[in-house]
Amino acid sequence: MKSENGLKKNKIKKLKSINSAMWGYFCLFALVLIVLMFSVFSVVTVTTLEDSAKQKIENVGKAVCAQLVSGGDLKQFERREDGVNVYVFSQSSQLLLPENGVAQEDSEAKFNEVQKQLENAEDGQAVIYRDKGTVKYAVEILNGQGESYFVLATYSLFVVHETLSTMLLYMGITCAVALVLALLISYAISQKFTRGLKSMSDTAVNLADGDYSVQFTNVDFAEMAQLSDSLNYVRDEVKKSEDFQHEILANVTHDLKTPLTMIKAYASMIKEISGENKEKREKHLQVIIDEADRLTGLVNDVLSVSKIQANINTIAPKVFNLTELLYSIINKFGYLQETSGYSFMLDIDQNLYTRADSEKISQVFYNLLGNAANYTGEDKTVYISLKQNLDGKRIKFTVRDTGKGISKEDLPEIWNRYYRVDENHSRPVKGTGLGLNIVKVILENHSFDFGVESGAGSGSSFWVDFPSFPAEIG
Ligand code: ADP
């Protein structure tokens, strides 16, 4: 047992704990979420900011063109605060805006760039393009006098990228905090789980060690409460079965002891006192024989149960005279009539045949008659009947006593193995709580109906319903 447990523990060690699994899954979840958020956020922000930058330079470019067409002042477009730079060139590459000018080289480069961009554009059509970290707007425009101008508006995305990286930095910090929080929360939750499971496992170990007072009480979560309930149920059932085992052991040892003591006592008596007195000796020998019979009965009961347990209790049915079989069993109880004042009141139809395993059915009769004799009232009367019904197809066996009867609560239980209604025997009996269980298993194997009618104080009537067969068959 110990080595088995050890093996299991080794296996358990190889498994992942809820704690680490939960940590792992939470981290993975948080990381996937963060990566997803970062990518979506960066793509969306960059495209949105770029679009708005393009919109901005397009608006400024259009305003410059309108001013050129109307011959207005261009000064307002110089040194703008919104970050847009505007350059205006005459047809002959002369820089008109900014008025302060720029380096000659720079001016030429810009003019050439505009020319190049507009190479494939239609007349008056603007081109918006991106050049490294800057978005640009270029267009050629004719004023009322037919003079041609080139306009270039630029907007550096440096600020946009700057803003984006600051935002990403804050987002990163937020995500890191979220990750730490996720870890803490996952730890707290898994702790709650594992604490509950650990305590249940400890309680179960105590139960396995035989402490039936343990209580599974985890009610943190519905599933755990259900598990606790089931384990409490298991505890009750294990205890019941253990109690049964103890009870049967106590019963069997007690019931073995009494006849053995009697046998020893009577044997000694014969040896020392009654050896020479024939009459006394016969009487004492009869007691020894009776007690030996009781012992045999008891051992047979235990053996029958073992056979039933081992499932080797197959039936060998044949047609036989049920009436005769019943008489032969009643005769076995004859000694009760002769020695203890019992009366067996019989109402038995002659020559009734049935098809069954006669040996097993004789055990059914024996157990039911034995119980009736054991539990009947002060009048020591037992009523036995075996009657064929009107259509001749069925035979009903009934054995009735006048004893205390069986209460409603006990009625469904008496057929269970080892079940004994408190110690209410009217006289010493060999009771083991096995007799009725043997009856039940045998009759169920035959698929015969059977039952009991009883109420506290009104005696009990056990019955079995047999199929009727003609004598010739078999
Ligand atoms: P036992 O060997 O104890 O008689 P059984 O399985 O034959 O065991 O019966 C189970 C229990 O049913 C008995 O302990 C007894 O309490 C109750 N019982 C059985 N037959 C009778 C009866 N005829 N009258 C009253 N109680 C009975």
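Counting convention: from 1, in listed order, for ligands and their atoms alike.
- Heavy atoms of Phe462 approach ligand 1 to within less than 4.0 angstrom.
- In terms of N/O distances under 3.5 Å, ligand 1 is approached by Leu436.
- Aromatic ring orientation, Tyr366 versus Phe333: tilted (interplanar angle from 30° to 60°).
- Residue contact check: Gly435 has heavy atoms under 4.0 Å from atoms 5 (P), 6 (O), 7 (O) of ligand 1.
- When the options Val399, Thr402, Asp401 are ranked by their closest heavy atom to atom 23 (N) of ligand 1, first place goes to Asp401.
- Scored by the side-chain contact (heavy atoms from CB on, under 4.5 Å) test, Glu291 finds Pro259, Met262, Ile263, Val287, Arg294 as partners (sequence neighbours excluded).
- For the pair Tyr375 and ligand 1, the shortest N or O to N or O distance falls below 3.5 Å.
- A donor-acceptor contact shorter than 3.5 Å is absent between the side chain of Asp449 and the backbone of Asp465.
- Note: Phe466 and Phe397 have perpendicular aromatic rings, judged against thresholds of 30 and 60 degrees for the angle between ring planes.
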Verify side-chain hydrogen bond (donor to acceptor under 3.5 Å, both in side chains) between Asp131 and Thr134, making sure each step is shown before the conclusion.
CA-CA 5 Å; Asp131 180 21; Thr134 310; over 6 Å; no

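- The ring-ring contact (aromatic ring centres under 6.0 Å, His included) check on Tyr187 picks up Trp23, with sequence neighbours excluded.
- Under the 4.0 angstrom criterion for non-hydrogen atoms, Asn367 is not in contact with ligand 1.
- Put simply, no part of Gly403 is less than 4.0 Å from ligand 1, judged by heavy atoms.
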